[in-house]
Amino acid sequence: MWWSPAFAVEPAPPALVEEVAPIWPDGALQSGATATVDLLLSIDGNGTVTAATVVASGGEAFDRAAVQAARSFRFTPATDGSGRPVPVSIVWRTVFEPARAPVVAVEGQVKSAGTRELVADFDLVFTQGEARRVAITGPDGAFAVAGLAPGTWTVTPDEPGWAADPVPVEVVEGKVVQLVLRPTLVRPWEVGSDEVSETVEVVGQAVAAEVTERTLTQEEARYLPGTNGDVVKVVQNLPGVARPPLGIGQLIIRGTAPEDSAYYLDGAPIPLVFHFAGFSTVLNGDAIEEIAFLPGNYGVRYGRTLGGVVDLKTEQDLPARTNGYVSVDTFQTTAFAEQRLSPNTALTLSGRRSYADTFLNPILNAASDATIRVPRYFDLQVRLLGRTARGGALDTLFLLSDDRFRVLGEDADQNQTVQIGLSTTFSRVRMAWTEPLGDGWRHELVVGAGPDRQSFDFEDGVAYEDPFTVSVRDELLQPAPTSGLGLGGRLGVDTLVGRFRYAYEIPGFGEPEGADVLRFLPGVYAEGTARLGPVVLVPGLRADGAFVGADHTAAALDPRLAARLELGTTVLKASAGGYSQFPTVRQVVQVPDLRAQRSWQLSTGLEQRITPALRLEVVGFANRLTDLVSGREDAFRFFSGPPPVGPLDTGAYANDGVGEIYGLESFLRLQTERTAALVSATVSRSTRTDRPGDDRELFDYDQPVVLTALVSHELPKRWRLGARVRYSSGNPYTPVVNRFEDLDSRTFLPVFGAVDSARLPAFWSIDTRIDHDWVYRNWTLTAYLDLQNATNRQNVEVMSWTYDYAEEDPVAGIPLLPAFGFRGEW
Amino acid sequence: MRVAACLLLLVGCAMGPNEETVIDELRIVSAVAEPPEVAPGGAYDLTVTVADPVGEGFELVVFTCPPAELPPGVTLDLPPGALDAPCAVERPVVDELGQAVVPSVGALPVPQWMVACAPGACDVDAARERDLRDPIEWLRSLPLDGVTAAARQVRVVSPPAEPALVNPEITEVGPIRGLAEAGPDDPATLSFVVPGARTAFGRATVGGFARPQFDVASDGSVTLEWYGPRARDPQEGFLYVVFGGEDGATALFQLAVP
């Protein structure tokens with residue numbers, strides 16, 4: 001061995017006092033392999049090696065051994081001309097010589113307390129008096145240390161962000177001591193970014209899959225205020241999403257109704273994404289790898305919708321270890337477990353049950369003649385994920401979701417009856433097969449099948465929709481290169497087939513309706529991606545058809561084009577395209593010659609990376625809606641929000657409606673190691689004209705201004721604080737300008753003013769959240785308190801009137817709502 | 001609407017039936033047609049009762065406009081020109097009990113509209129024929145305060161039903177217990193026997209009834225609970241009980257309190 005000073009200032013370089021022989025990698029000694037490794041050693045003013053960097057590798061395993069040994073060296077301090085100790089760097093060469101291979105005295109593993117994850121590149125310091133040895137864990141969390149004199153040594157972690165009590169180790173000559181250390185991660189932001197938690201990506205406005213990404217870590221999403229730890233609810237804070245009334249949890253995206261947006265699970269459509277009242281997502285957030293949120297101008301992969309798209313993409317990596325959690329909070333209990341069944345397969349089980357009904361029911365029923373059953377919901381997921389030898393995956397998921405709400409009463413014979421009942425149930429078997437095909441092409445086949453049922457019981461009436469749907473998506477994809485010149489492409493089939501039964505027999509809502517029809521919705525799409533250096537062009541074409549029953553046939557052809565110009569930290573983007581949404585089954589059963597509703601969408605914007613941690617995105621958009629189906633507003637339908645009031649269009653269904661939507665969205669995001677902050681602002685206008693010659697009216701959920709700012713900050717000792725401030729314009733409503741009493745029915749009836757000519761007061765809310773983790777040997781307990789509407793502001797959610805319509809009687813939203821919960825994770 | 005909102009909000013909604021029985025502003029209480037059922041073009045008397053708790057006085061307008069055409073599927077043996085006649089407008093004299101009798105001829109299957117206006121609240125003379133043909137549109141132009149409106153459609157049948165529809169008859173009033181002693185927490189009871197009635201609707205300009213409506217037993221008996229006024233509320237006024245029978249048949253009981 002030799003050394004040479006890289007810092008050769010006179011008069012005194014460091015002199016080696018103690019050298020420690022490196023431990024040979026497993027099997028290397030027996031195989032006779034040798035190696036030479038050159039290291040750059042940083043030596044402080046005490047002569048301690050504070051860092052060792054490989055400058056000439058001898059192989060990964062030898063490098064690691066050399067670094068560990070060098071970290072235990074001791075030098076005399078280097079001194080400057082005045083004799084003062086100074087830090088220096090030197091190059092050190094380690095030659096692995098079998099004759100000098102030391103005997104291991106202590107070996108073991110480092111596992112993170114709570115999660116039991118093996119921790120790589122973790123420094124441990126063994127001390128005995130003046131003697132000091134350093135051990136560094138390998139990729140498997142294992143470490144070994146040699147050359148320890150017999151006696152008691154103290155082991156202390158020497159890793160930023162981690163804490164553990166010193167551990168005494170009794171070293172006996174001729175024996176190898178086994179040791180497992182479980183340090184606690186107390187300041188994650190001090191740890192290298194590669195060790196931070198798993199990432200969930202929220203992908204937004206992706207004209208092509210790789211064009212624009214908004215990324216939030218799963219940890220951030222879980223701890224954001226107002227979400228109750230539900231990662232999908234983070235979407236509600238993004239630009240382009242209006243605030244739904246009464247916190248019903250539906251997504252009102254870019255001035256369109258909730259039913260105009262579509263929800264997918266790995267590309268297979270699902271009827272809803274949130275449970276009743278938006279308390280929770282129907283799929284466990286820990287099973288989600290990526291949330292694709294596409295408010296508009298998306299690619300040809302998605303169609304049959306005028307609004308936005310949310311695609312929940314499940315985790316595709318096999319779990320590294322058995323893990324799971326049980327979460328108990330004010331509203332629900334959730335359990336989740338992942339088990340590796342073999343090197344290439346894993347089983348995931350998850351279930352959730354709400355129980356707000358158990359304590360709210362008695363409170364509500366104390367003041368009511370009826371027996372109210374507060375909404376209760378549950379969901380269940382069973383998933384088997386297998387990786388194929390070629391790097392693909394075969395994935396089977398069963399999902400069941402059930403929501404119910406009832407008001408019970410007694411009939412004349414004092415039998416308990418359902419006065420009002422509302423339920424939404426659906427189940428899906430989703431099978432996905434992905435496989436690389438070579439030359440960069442990838443094949444994806446996703447088949448979903450299952451029944452839905454949405455039903456409403458009201459005294460003597462009943463209404464239900466009962467479809468059974470089979471969806472098939474078969475896609476070939478080749479991503480374009482991320483730089484230079486190149487082409488990519490996407491070809492796909494997106495087809496729905498199934499049976500649709502429905503009945504609407506609610507007194508007061510017109511003549512009973514019902515049908516049982518087959519429907520077939522074939523769709524094909526093709527998209528090319530051309531990268532010309534900083535320019536990316538994505539032209540695409542999507543064709544859809546609709547065959548419902550024997551009488552209805554419709555078709556739609558939607559060309560789309562997206563462009564992107566990348567200029568360093570600035571990205572300019574623009575997109576234009578056609579979008580189509582077919583009328584509902586009940587509409588085409590009544591009027592078979594209805595056409596597809598159309599939307600022509602145009603958007604342009606920029607993304608600016610202001611600093612590595614701060615990004616800004618601004619997007620302007622304009623949508624022109626045509627062929628909207630108008631009519632029969634008096635008919636019963638399942639509303640995702642408050643029912644319409646005011647003068648109703650009771651004419652027959654027709655493609656008479658048009659609409660205009662335009663707006664500007666901005667999104668500022670700060671992401672540092674300890675702080676996540678979002679500022680989201682949307683300014684928009686959405687109008688409709690129901691029939692030719694009608695006045696143009698505001699859309700029911702038109703909210704000209706929506707602002708959201710939220711921040712979550714990580715404190716030492718595993719405390720987290722967060723806050724969210726929301727502002728949104730009130731929804732328009734139709735005022736009552738007079739009233740009269742129908743003396744035959746003894747009820748007052750309103751005389752409405754101009755449609756949507758009044759607006760509810762603006763919504764303001766501040767939500768706060770505090771979290772803390774307690775880390776135990778094999779599991780972690782997290783407790784949180786989430787205060788929604790912390791200022792207890794009485795926000796008007798829906799306008800109502802006194803019984804005689806003499807005065808407005810606004811319905812206020814949720815008051816101060818403290819939600820607390822615990823999560824035990826292993 | 002309120003029910004729907006409650007459904008969505010789930011909490012915080014408590015219906016207030018008592019307030020529906022309290023009349024604290026101008027209100028058309030009932031319109032009793034005698035006979036309650038007529039042949040097309042027939043004649044009847046409409047007795048309109050208006051409550052005026054404020055006591056400022058009011059003007060009552062009763063108008064009927066023939067429809068442009070009969071609803072699809074409705075065939076009636078109407079007198080010639082019945083559908084082309086102008087709106088019939090009556091401005092009857094109202095007695096001290098707030099009642100006015102409006103004789104009607106040429107009955108049609110359309111609602112009769114009644115509008116009571118506080119002094120200066122609406123200009124009836126300016127109401128044009130077009131406004132009267134679309135009462136909803138006319139109401140849009142009138143203020144909410146000081147104006148009360150109601151609609152009533154007398155049953156017009158051809159040929160007349162057998163036996164003829166008659167209004168319920170109040171055959172027995174009483175016992176009325178505790179009227180003088182009744183307070184906000186101590187109800188008085190009003191009992192009636194009204195053969196032919198199905199429902200009794202209680203309204204009051206003083207105090208209030210326990211519920212907006214009470215079921216009438218098959219023998220015509222019914223007992224209503226009435227709560228007296230709070231100390232700060234008006235102590236004098238009227239109690240009204242409107243008895244509803246089959247197909248719009250109506251009877252009214254009116255009592256001055258105290």
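Keep in mind that this is a model prediction, so the values were computed, not measured. The analysis underlying the following values was restricted to heavy atoms, covering all of them including side chains, and did not include hydrogens, waters or symmetry mates. Reminder, nothing fancy here: chain letters follow the sequence lines and each chain counts from 1.
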For B:Val147 and A:Arg739, which heavy atoms make the closest approach, and how far apart are they?
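The pair with the smallest heavy-atom distance is O-NH1, 3.6 Å.
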Testing the basics here: between B:Arg152 and A:Asp744, what is the closest heavy-atom pair and its distance to 0.1 Å?
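What the structure gives for the nearest pair is NE-OD1, 2.6 Å.
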Result of checking B:Ile136, B:Leu142, B:Thr148 against A:Asn738 for side-chain contact (heavy atoms from CB on, under 4.5 Å):
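That would be B:Leu142.
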Highest number of heavy-atom pairs under 4.5 Å with chain A: which of B:Ser141, B:Ala151, B:Pro135?
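Option with the top pair count is B:Ala151.
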Could you check which of B:Leu139, B:Val29, B:Val115 has the highest count of heavy-atom pairs closer than 4.5 Å to chain A?
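Most heavy-atom pairs within the cutoff with chain A belong to B:Leu139.
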Holding to side chain to side chain donor-acceptor pair (under 3.5 Å), I want the full list of residues that pass it with A:Ser757, two or more places apart in sequence or in another chain.
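Side chain to side chain donor-acceptor pair (under 3.5 Å) check on A:Ser757 returns nothing, list empty.
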Would you confirm whether B:Arg140, through its side chain, and A:Phe752, through its main-chain N or O, come within 3.5 Å as a donor-acceptor pair?
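Answer holds: yes.
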Would you mind checking which part of [X] comes under 4.5 Å of any heavy atom in chain A, side chain (CB onward), backbone (N, CA, C, O), both or neither?
{"X": "B:Val242", "result": "side chain"}
{"X": "B:Glu25", "result": "side chain"}
{"X": "B:Pro111", "result": "neither"}

Atom CZ in A:Arg746, atom OG in B:Ser30: separation rounded to 0.5 Å?
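With rounding to 0.5 Å, CZ (A:Arg746) is 7.0 Å from OG (B:Ser30).
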Nearest 0.5 Å, what's the OG1-CG distance between B:Thr49 and A:Leu743?
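With rounding to 0.5 Å, OG1 (B:Thr49) is 10.0 Å from CG (A:Leu743).
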Would you mind checking which part of A:Asp804 comes under 4.5 Å of any heavy atom in chain B, side chain (CB onward), backbone (N, CA, C, O), both or neither?
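The side chain, not the backbone.
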